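Note that the coordinates shown come from a computational prediction; the quantities given were computed from them, not determined experimentally. Just so it is clear: chains get the letters A, B, ... in the order the sequence lines come, proteins before strands, and each one is counted from 1.
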Amino acid sequence: MSQPLLEIKNLHVTIEGKPILKGISLTVNRGEVHALMGPNGSGKSTLSNVLMGHPKYTVTQGTILFQGEDYTALSTDARARAGIFLAFQYPTAIPGVSVANFVRTAMKARFGEAFEAKSFRKSFKGALEALGISENFATRYVNDGFSGGEKKRHEVLQMTLLKPRLAILDETDSGLDIDALKTVSEGINRLRGPELGILLITHYQRILDYVQPDKIHVLKEGQIVRSGGKELALELEKTGYKPYETEAAEAHAAGAKGVLG
Amino acid sequence: MKSVQTSQFPAETLEALTPEAPKELQVERRKAADRFTALPWPTAVHEEWRRTDPARFNLTGWSLKPQQRTVTVGWEPLPEAAARQGVILTDLRTALREHPDRVMPHLFQSGKPEQLEKHAALHQALWSDGLFCWVPAGVRVETPLSAWIEPAGTGGRSGAAETDSVIFPHLLVVVEEGAELTWVDERRPGPQPAAPIWINEMTEFFVKRGGTLRAVRLQQWGTGAAELQLQRALLHREACFSNWIMGLGGGITKGNIEAVLSEPAVRAELLGIHLGAGRQHFDIHTLQDHRAPNGFSNLLYKSALSGQAEAVTTGLIRVTPEARKTDAYQANRNLLLNPGAHADSIPMLEIETNEVRCTHGVATGPVDDDQIFYLMSRGLSRPLAQRLIIQGFFEEVLNQIPAESVREQLIGELSSRLDRIDASGEDSGG
Ligand SMILES: Nc1ncnc2c1ncn2[C@@H]1O[C@H](COP(=O)(O)OP(=O)(O)O)[C@@H](O)[C@H]1O
Ligand SMILES: [Mg+2]
């Protein structure tokens, strides 16, 4: 029997003592695409950051198994080198560090001895072209002054070149126009294969027209409240997140209306 | 009653330092020695010594015996084209012998430094070795010229002699009217980098009308070095001066860097990088001295400090009443890599005319955790992530160096300095 790629078991997470994730369990097998949907504030980015080992979050209970090994306490860089990749919802600018230098350094870290400096130029150029990114991108500074769309393409560019085993895409579709969404989705689809597992985090079902998920999960207040197949996306399209909104958010929205009206 | 001071240096001792020097230089030496003797050693009550212990530079209890340790100077051979065009690059004493007409109008003629008066007097009394570069009017030197200075060994005498090693190197670079030069001068650690040594150095730059000088100082003294760094640039009408200070080495630096925009329409760019680890200490005063109309000056100094390193940057912009239509800017940014590291920025403005545009900006802070996380999420170890951030932080200064070869050399030196810091664990000192 083949081992799951990622197994999250009863994961509880706090930030600054405040509980955010309250018992998440989720299994992603090789070759699968799981969509994780949910309203703002439900804990989607928290989960992706925790999977990447962000030091600000505390795992109070539960485990993260990657390829059968306990990764719960592993450092961020070791996770990345093992093949976990996070496409950030809000990528950070690193002024003064060029995209080419950054990507080359990351590839060296990821592939070690196997990294071929000689073929870097070619594969880098190829990946730029495939994502419709202009070549002058190479000399620009990482995420510095990038538009929203450029940031997302840059994340997918790195994902393409770093060849992860598990890719977590945190709202990579947000803020993209339809053309950019198509290009980025094609970029993701090109990477799909029997080895790669994808956790596609999204607020909208729009991207699911382009990147077909095997499973869909709905996150609400730090818990997975529903899991199902593609049909769940269509249902969500009709009903929206209304049934999944937090009571607090509803109360907030109602209050705001009251003030305005 | 005025007390009569007698210099503690016998005239013969002073003159023996540069026997080839013309009479008037020897006279100036004696006068400087008298000035030195008459002035008190600075104490911590002096504003300029509030953040650096003056005792480190006061040679307290030290009997001045010049020439205890000598200076080695060297330079890359002058390109043939430059030599043909009359460019001179040689050591200062040879220059005094062979080109007194070029040296004498400039040596110690850039004006008295406004800080470190006593130390400057000592330098003028005791200087011996150094470098001289002269570019004739209208000559454009295509390739960058580079030279270096390093302390020579103590010549087999160990023990006591090492504790009072002292050197007084002097650099003189003159770019005549309409000439152009890119100049790199390096300070090397010498054969005993950890041995205590006291350096009292002066650099004079002259850029005549319409001339261009891009000058890079790459400071890589050994860890035992306490340096006093005096640098003065006298800039004439329509001169263009760009200066990069790369402070990578040394134990403690007290620097005074002055650009004098003495005539109209001068452009001066003053850029600096200081990379400190362990207990390194940099205390730099800068002066953008606008004395004539239509001048432009821009200063950007950046420090990255790990361990318990410290940087003090005091920047004065002065605009005299004559200096109408002045644009003068300064910015100082510090990156603290460790809670034990410390930076102070003290911008100062003395503006005596109305038609000026002046800004100053200061920012000091730790490395951004989000940047570290982002880089580590791509597989970079924490030290590697930090190094990339440091290099990125300095990029803004380095990318302005027009000569590709020089830029690459500096990036390489920065990188090997970072290697040594990583290897020694100096940055975890706090
Ligand atoms: N750094 C933080 N400090 C405090 N609270 C946070 C922090 N990051 C997220 N939260 C809180 O955690 C909850 C989940 O946030 P997040 O994971 O970003 O949600 P999503 O990505 O689904 O919009 C929200 O209530 C948010 O306010
Ligand atoms: Mg989010």
| message | To check you understand the geometry: which heavy-atom pair defines the closest contact between B/G379 and A/A109, and what is its length? | response | O-CB, 3.3 Å
| task | Write down the atom of B/F373, the atom of A/P55, and the distance for their closest heavy-atom approach. | result | CD1-CD, 4.1 Å
Contacting region of [X] [heavy-atom separation from chain B under 4.5 Å]:
X      : value
A/L162 : side chain
A/P91  : both
A/A93  : backbone
A/V103 : neither

| Under 4.5 Å between any side-chain heavy atoms of B/I389 and A/V97, yes or no? | no
| message | Determine whether B/L375 and A/I94 satisfy the following criterion, side-chain contact (heavy atoms from CB on, under 4.5 Å), listing intermediate values before the conclusion. | response | CA-CA 9 Å; B/L375 293 172; A/I94 322 273; 4.0 Å; yes
| query | Using non-hydrogen atoms only, which part of B/L398 is less than 4.5 Å away from chain A: side chain, backbone, both, or neither? | reply | neither
Could you please show the donor-acceptor pairs under 3.5 angstrom between chain B and chain A, with distances rounded to 0.1 Å?
residue : atom : partner : partner atom : Å
B/Q371  : NE2  : A/A93   : O            : 3.1
B/Y374  : OH   : A/N143  : ND2          : 3.2
B/Y374  : OH   : A/E155  : OE2          : 2.4
B/Y374  : OH   : A/Q158  : NE2          : 3.1
B/R378  : NE   : A/Q158  : OE1          : 2.5
B/R378  : NH1  : A/L86   : O            : 2.7
B/R378  : NH2  : A/L86   : O            : 3.0
B/R378  : NH2  : A/E155  : OE1          : 2.7
B/G379  : O    : A/R81   : NH1          : 2.8
B/E395  : OE2  : A/Y141  : OH           : 3.4
B/N399  : ND2  : A/Y141  : OH           : 3.2

